[in-house]
Amino acid sequence: MSANTSTPAITAGDILAQKGKTPIVSLTAYTTPMAQMMDAHCDFVLVGDSVGMVLHGLPSTLGVTMEMMILHGAAVARGLSRAMLVIDMPFGSYEEGPQQAFGNAARLMRETGCAAVKLEGGVEMAETIRFLVERGIPVMAHVGLTPQSINTLGGYKVQGRDAAGAAVLEGAHAVADAGAFAVVLEKVPQKLADEITAAVPIPTIGIGASAGCDGQVLVVDDMLGLFTAFKPKFVKRYGNLGVEAEAAIADYAAEVRARSFPAPEHVFADQPAPDQTASKG
């Protein structure tokens, strides 16, 4: 974490204690400058495997590697002193079993300094979550739409409508019973999200779920309007920085071609200018 230690860092226990209280605030981050901007405002910052799509141009999160998560996780850690750092475990790094999951989770924590890991899955991941928690690794769970499973889910569809909601609820109970300190609910109907929030003893973090969840998370590049390839229904754009950035780049290109940049104030003379502040006489 950064050298500023004036405010104690938020822990998994602090997040758990927020259940039913002031809503928990989270965003994704992948770089040190972005983490620095978030630190005072977010309760936890998530280095999501969405980095593969947002920063690396991948078609899904499936191509993200441990090395990518460690690289970006360590960068984000340098920008945080207050907010808790949570890092996604990438596809293929934990599904094989508890031992594989522990080795990779321990590596993430050791090489980044993160305070917790996040993994996708409900009932089928309960044993792994319990194994990690019993060995000192805080786990945030993730049910509903699990992007690493899009090939079996048939795409980025809403999960848990009608009778299918029972399985999502069962998964949320399973991860809570296994010791997860929070659970992300992604792209589930509002009524189901509210039901799960009322039923489980751990905080629910919504993304395309309900304002009634115990907290919310968004991909920062989505909410800032930096990532514009597509816009999920659940995203609210709080900025339009992508359009502004493209306009600024176009202005720069035009000035370079017109030789109006660099201007005289941007270049250096053969001799330094006299020190106007020096005393006379």
Side-chain angles (χ1 to χ4, degrees), residues 10 15 18 22-58 60-61 64 69 72-73 75-76 79-80 82-90 114-120 140-148 150 156-160 181-190 192-194 196-197 202-245:
I10 293 170
I15 298 294
Q18 280 297 104
T22 304
I24 298 160
V25 178
S26 178
L27 289 167
T28 64
Y30 317 115
T31 64
T32 304
M34 194 67 78
Q36 290 171 328
M37 286 187 276
M38 294 177 186
D39 193 39
H41 306 286
C42 291
D43 299 299
F44 74 89
V45 171
L46 174 67
V47 182
D49 58 0
S50 51
V51 67
M53 302 172 75
V54 173
L55 294 190
H56 293 274
L58 297 177
S60 73
T61 62
V64 175
M69 298 310 299
H72 291 284
V76 170
L80 300 179
R82 172 190 168 275
M84 181 184 183
L85 175 58
V86 182
I87 300 181
D88 268 346
M89 297 191 68
C114 71
V117 300
K118 182 172 77 64
L119 54 81
E120 298 180 4
M140 179 176 289
H142 184 149
V143 300
L145 174 64
T146 48
Q148 293 176 9
I150 56 165
Y156 298 96
K157 301 175 181 178
V158 175
Q159 301 295 309
F181 69 90
V183 57
V184 171
L185 306 181
E186 181 168 358
K187 212 164 183 181
V188 299
Q190 180 178 355
L192 175 61
D194 291 339
I196 292 172
T197 300
I202 61 175
T204 56
I205 310 297
I207 178 167
S210 170
C213 290
D214 296 297
Q216 302 292 329
V217 64
L218 281 177
V219 172
V220 68
D221 293 70
D222 284 342
M223 58 86 73
L224 290 177
L226 284 168
F227 182 81
T228 57
F230 57 86
K231 179 181 174 293
K233 173 182 170 64
F234 54 78
V235 169
K236 176 179 178 178
R237 287 205 171 129
Y238 289 82
N240 207 12
L241 303 190
V243 171
E244 294 179 24

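Here the CG-CG distance, from D194 to L185, works out to 10.0 Å after rounding to the nearest 0.5 Å. Atom CD of E120 sits about 13.0 Å away from atom CE of M140, to the nearest 0.5 Å. Annotation: the span from C42 atom SG to I24 atom CD1 amounts to 12.0 Å, rounded to 0.5 Å. One finds the CG atom of L145 at 9.0 Å from the CD1 atom of I207 (value rounded to the nearest 0.5 Å). With rounding to the nearest 0.5 Å, the separation of CG in D214 from CD1 in I15 is 10.5 Å.
Nearest heavy atom pair, residue C114 against residue I87, reads CB-CD1, 3.6 Å. Taking all atoms of both residues into account, the shortest heavy-atom contact from C213 to A209 is SG-CB, 3.9 Å. Closest approach of I150 to S60, counting heavy atoms only: CD1-CB, 4.0 Å. Between V76 and A35 the shortest heavy-atom distance is O-CB, 3.5 Å.
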Step by step, work out the side chain to side chain contact (heavy atoms under 4.5 Å, CB included) result for K157 and Q159. CA-CA 6 Å; K157 301 175 181 178; Q159 301 295 309; 3.9 Å; yes
Evaluation steps, side chain to side chain contact (heavy atoms under 4.5 Å, CB included), between I10 and R82: CA-CA 6 Å; I10 293 170; R82 172 190 168 275; 3.8 Å; yes
Between M69 and V64, is a side chain to side chain contact (heavy atoms under 4.5 Å, CB included) present by the stated rule, with each step listed? CA-CA 8 Å; M69 298 310 299; V64 175; 3.5 Å; yes
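The side chain to side chain contact (heavy atoms under 4.5 Å, CB included) search around E244 returns L241, not counting sequence neighbours. Among residues two or more places apart in sequence or in another chain, the side chain to side chain contact (heavy atoms under 4.5 Å, CB included) test is passed with M223 by L27, L218, V220, Y238.
Taking the side chain as every heavy atom from C-beta outward, P23 and Q216 never approach each other to under 4.5 Å. Contact of the P189 side chain with the V158 side chain is registered, since non-hydrogen atoms from C-beta on lie closer than 4.5 Å. By the 4.5 Å heavy-atom criterion applied to side chains, I205 and V183 are not counted as neighbours.
The backbone N or O of A75 lies less than 3.5 Å from a partner atom in the side chain of T32, making a donor-acceptor pair. In this structure, the side chain of K187 engages the main chain of Y156 through a donor-acceptor pair within 3.5 Å. Counting only distance, with no hydrogens or angles, the side chain of D39 and the backbone of L80 share no donor-acceptor pair below 3.5 Å. For the pair Q18 (side chain) and T22 (backbone), a donor-acceptor distance under 3.5 Å is present.
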Identify all side-chain donor-acceptor contacts of residues 44-57 below 3.5 Å with residues at least two apart in sequence or on another chain.
residue, atom, partner, partner atom, Å
D49, OD2, Q148, NE2, 2.7
S50, OG, Y30, OH, 2.6
H56, NE2, H72, NE2, 3.0

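The pair D221-R237 fails the salt-bridge criterion, with no side-chain N (NZ, NE, NH1 or NH2) lying under 4.0 Å from an Asp/Glu carboxylate O.
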